[in-house]
Amino acid sequence: MELIDLSDLNVNEKVKEVLRSRGIVTLNPVQSEAVRKGLLEGKRLLLTSPTGSGKTLIAELGMISHLLKGGRRAIYTTPLRALTSEKYHEFKAWESLGIKVGMTSGEYDTDDAWLRNYQLIVTTYEKLDSLWRHGPSWLFETDYFVLDEFHYINDGERGPVVESVAVKAKRRNLLVLSATISNHSEIAKWLEAEAVTTNWRPVPLREGVLVPDRGGFVVSFADGSSYKLRGNDAILAFTRKVVDEGGQVLLFRNSRRMAETTARKVAELDLEVKRKEIEDLIAKLEEVDDAGSNEKEALRELLERGVAFHHAGLSRGLREVIEDGFRKRIIKVITATPTLAAGVNLPARAVIIGDIYRFNRKILGFQEEISIMEYKQMSGRAGRPGYDSEGEAVIVVRNRRDAERVFKRYILSPPEPIQSRLGNEPAFYSFLLGLISEGESTVEQIRELARQTLLSRELVDRYLDSGIPWLEENGFIELDEKLFLTKLGRRVADLYINPFTAQVVKDVLRKNEAVECNLAYLHLLAWSPDGPFVGVSKGEEDELIENVSCPPFLDEPEDEDDFYKYVSALKIASILNDWIEEIEEDVILGRYGIGSGDLRSLVETMDWLTYSAYNVAQVLGLEEHADVLRRLNARVEDGVKEDLLEIVRVPGVGRKRGRVLFQNGLTKPEDLVMNPEKVKALLGDKIGDKVVKEAARVIGGVL
DNA sequence: GTCTGCATGCTTTAGACAGCATGTC
DNA sequence: CTAAAGCATGCAGAC
């Protein structure tokens, strides 16, 4: 394949300078192919190639050349906040060309109006979908969309949003990036783009299986090569070999518990580590302030041996320490759940896929095989540019017969085809509400738009014919020649909650008097379709039901499946109730057997839902409910009792410092500014100083 | 009485997006 | 509707 030299590239010299500063001299095969297909001339492309094959640079070239040729604005969309943030920092380099780069997501929200000043905006699919509902003028000026990790469209939960965004984005110029998919021509046709497919990788990948073999193991690769390993544990034997040869290992397991126990087993291998580096890393671990003490202790013991586990139960701070330690090659082995397969870039020489089965939440006892796409995401992490001449990815299997089947299914087959996930009521009705929120249209116009999705004509019609009456009957829309949103519908669309969640909240609040029982509201919201889910152990069930401090709105269901959801919601409500009663974080984690990462994500979701319910109650004129919900929402964000609400407005002051200050008579930002010495005495000089400055800013902002 | 080893039965099971106010990551 | 690993429990046997 002919590679394009940077100097031959038909772009502004300043663009080449930025690329040269990154050490780029020649475009790689994928990038060269994209350029040949007309990337720089604004050709619509669907680019499918493996992870880490340099697709980001293609997007950058596409966006920048578009903007330099008079394009007004480009939006780059990813499925994860972490990726959004990562890309944002990469794209910052283009500000040297006078292009302003901005970012927005639910986490780092930038004011809609302010985004008008940016030409290149990085965001998440959900945020972009939400922006379309709010309809800021600058969004309609956007004339170039990059949709990254587009294979997420095949995800049962998140896919509908990707599809919804694609339908709107494809009216403008488009660049779609995806991992390899088998039906790329069909998808390209739908997107009115040309499919460009390559299998090129910067570091070659050898994929194989790890099979028991006469007292040891044999690793067989797709290229026909193989080698033997001795030992009685396949994972340990393979890990030892790779690390002894100077490589790092990324080890995937299908549950958190397995990830943790495997990490402890690997630690017993006593791999060679550099003491000094390890000590520095452990010092960083100790500084992490958003984690539980048990989690830190477990990780400290493992880090001593150059090992760590990684899953969503860990707080962000902990995950960052681990990811950083691995990137610096201090940590030799990470045992992880699928978090690391899709997230930020974290390659290793070898990847072990410890399990190809995963427990299915819906069907008891059903061990689901992971998808080929998931396997590709995991194995794709093998091979570290600059450190490894090739990557190895192996699947652990029990016997020879499995080996053959697994080999065919995962290594020799293309990933499954992409299909629409809009074919269910919650997803479609939400999509429908979004369409109607964009402006008044007739039913036929909406039908025309909905037919732009990947869903079959028949299904679109079926869901429209049931969805429009449903939204109308429940007061979200009105039909008067044209379809338009009611006040309630508008609020629901803007809040980005599912219409079924709004419906549940509406029904229950209307039926019940307002009560001073936070638990009842928290339980209702956790139980709604947008509510999160937590596992409840057998012993916990009765305890949760017995310990309700005040009666929930919902009755205990008879049906077993419904009961499952009911107690999960009860557990979430109890956790959040402890949280706003200022129960110590370590106590909460221990009491409910959850991790710091779990707590943070529950708080985040419930924060959004309490705010949404407060707004829905307000629109419905349920003022007493709205009043309880408003106060509840204020407390959920920071996890405080009502008396601390003033003081926690100061950045750097949370539930802990807030309580210390309050107990010493400092109850509002003004008090901090008036008593800087007292603040420093209570919080220490460094933090005290910072907090006083922030308090001054908070007051200044109010005036 | 107490400790150990083993068989048996019970329990548990991945991830992560969305609002707003505030300041502009 | 098709599971499997880990951990707790309980029992027998040795000391």
Side-chain angles (χ1 to χ4, degrees), chain A residues 78-85 88-89 92 100-115 117-118 122-131 133-134 152 155-162 252-262 310-313 336-343 354-355 357-370 374 398 430 491-498 501 530 532-533 535-540 593 597-598 600-602 604-605 607-616 633-634 637 649-651 694 697-698 700-702:
Chain A
T78 88
L80 301 171
R81 293 166 177 180
L83 281 177
T84 293
S85 161
Y88 166 75
H89 290 289
K92 269 278 180 190
K100 284 202 74 183
V101 181
M103 158 172 90
T104 180
S105 70
E107 178 179 32
Y108 291 116
D109 197 10
T110 309
D111 186 78
D112 285 4
W114 188 266
L115 286 167
N117 302 319
Y118 296 93
V122 192
T123 187
T124 57
Y125 281 103
E126 279 78 3
K127 184 67 187 185
L128 179 53
D129 196 28
S130 164
L131 281 168
R133 297 170 175 216
H134 289 84
Y152 261 77
D155 182 286
E157 279 178 46
R158 314 278 308 281
V161 178
V162 177
F252 289 105
R253 307 274 3 212
N254 63 359
S255 73
R256 293 177 181 183
R257 187 167 65 182
M258 288 293 278
E260 292 187 25
T261 47
T262 307
H310 187 292
H311 55 62
T337 55
T339 0
L340 277 186
D355 318 81
Y357 293 101
R358 187 160 49 231
F359 158 81
N360 180 305
R361 283 216 176 104
K362 294 185 187 83
I363 308 165
L364 189 72
F366 181 38
Q367 295 278 98
E368 205 168 21
E369 277 193 341
I370 60 168
E374 262 182 285
R398 278 185 302 250
S430 183
R491 207 69 205 94
V492 170
D494 285 351
L495 290 163
Y496 207 69
I497 52 174
N498 192 284
T501 295
D530 280 314
F533 186 86
V536 181
S537 67
K538 269 236 153 50
E540 265 179 321
D598 298 317
R600 283 262 41 110
S601 103
L602 289 175
E604 216 175 86
T605 306
D607 186 8
W608 166 54
L609 287 176
T610 47
Y611 179 82
S612 300
Y614 155 54
N615 276 264
V616 168
N633 172 59
E637 185 178 357
R649 281 171 53 214
V650 179
E694 292 286 2
R697 226 158 43 102
V698 167
V702 170

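Here is how names work: the chains are called A, B, and so on, in the same order as the sequence lines, proteins then strands, and each is numbered from 1. Quick caveat: nothing in here was measured; it's all calculated off a predicted structure.
By the ring pair (Phe, Tyr, Trp, His ring centres under 6.0 Å) test, A:Tyr357 is found to be paired with no residue, residues two or more places apart in sequence or in another chain being considered. Under the side chain to side chain contact (heavy atoms under 4.5 Å, CB included) criterion, A:Phe359 pairs with A:Arg361, A:Gln367, sequence neighbours left out. Residues that satisfy the ring pair (Phe, Tyr, Trp, His ring centres under 6.0 Å) test with A:His310, not counting sequence neighbours, are absent from this structure. Every side chain to side chain contact (heavy atoms under 4.5 Å, CB included) that A:Arg600 has, sequence neighbours left out, goes to A:Trp579, A:Val603.
The shortest non-hydrogen separation linking A:Leu115 to A:Thr104 is CD1-CG2, 3.9 Å.
For the pair A:Arg358/A:Ser255, no side-chain contact is recorded, criterion being any heavy-atom separation below 4.5 Å from C-beta on. Looking only at side-chain heavy atoms (C-beta outward), A:His311 and A:Arg253 stay at 4.5 Å or farther from each other. A:Glu604 is not listed as a side-chain neighbour of A:Glu107, based on a closest heavy-atom distance of 4.5 Å or more.
When distances run from any side-chain atom of A:Thr339 to the nucleotides B:dA14, B:dA18, B:dA16, the shortest one goes to B:dA16.
Distance alone, capped at 3.5 Å, is enough to place a donor-acceptor pair between the A:Ser612 side chain and the A:Trp608 backbone.
Atom pair A:Leu128:CG and B:dC17:P shows a separation of 15 Å (rounding to whole Å applied). Across the protein-nucleic acid pair, A:Trp114 atom CH2 and B:dC20 atom C1' stand 18 Å apart, rounded to whole Å. When rounded to the nearest whole Å, the span between OH of A:Tyr125 and C1' of B:dC17 equals 13 Å. Here B:dG19 presents its C1' atom at 10 Å from CD1 of A:Ile497, a figure rounded to the nearest Å. The distance from atom CG of A:Asp155 to atom C1' of B:dA16 is 10 Å, rounded to the nearest whole Å.
Taking only side-chain nitrogens and oxygens, A:Thr124 comes nearer than 4.0 Å to OP1 or OP2 of B:dA18. At B:dG15, none of the side-chain N or O atoms of A:Arg158 fall inside 4.0 Å of OP1 or OP2 (strictly under the cut-off). Look at A:Ser612 and you won't find any side-chain N or O under 4.0 angstrom from OP1 or OP2 of B:dA18. Note on A:Ser537: a side-chain N or O is less than 4.0 Å away from OP1 or OP2 of B:dT12. OP1 or OP2 of B:dG19 lies within a sub-4.0 Å distance of a side-chain N or O belonging to A:Lys127. The phosphate of B:dG15 has OP1 or OP2 within less than 4.0 Å of a side-chain N or O from A:Thr337. Within the structure, every side-chain polar atom (N or O) of A:His134 is placed at least 4.0 Å from both OP1 and OP2 of B:dA18.
Paired runs in DNA chain B that reach 3 or more consecutive Watson-Crick or G-U pairs, where each pair keeps both distances under 3.5 Å, cover B:1-13 with C:3-15.
Remark: the separation of the P atoms in C:dC1 and B:dA18 is 38 Å, to the nearest Å. B:dT24 sits 16 Å from B:dC20 when the C1' atoms are compared, rounded to a whole Å. For B:dA14 and C:dA5, the P atoms lie 15 Å apart once the distance is rounded to whole Å.
Using a cut-off of 4.0 Å between Lys/Arg side-chain N and Asp/Glu carboxylate O, A:Glu694 and A:Arg697 are scored as salt-bridged.
Evaluation of atom-type donor-acceptor distances gives a pair under 3.5 Å for the side chain of A:Thr605 against the base of B:dA18.
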- prompt: How does each nucleotide of nucleotides 1-7 of chain C score, in 5' to 3' order, for protein heavy atoms under 4.0 Å: base (B), sugar-phosphate only (S), or none (-)?
  reply: BBBSBS-

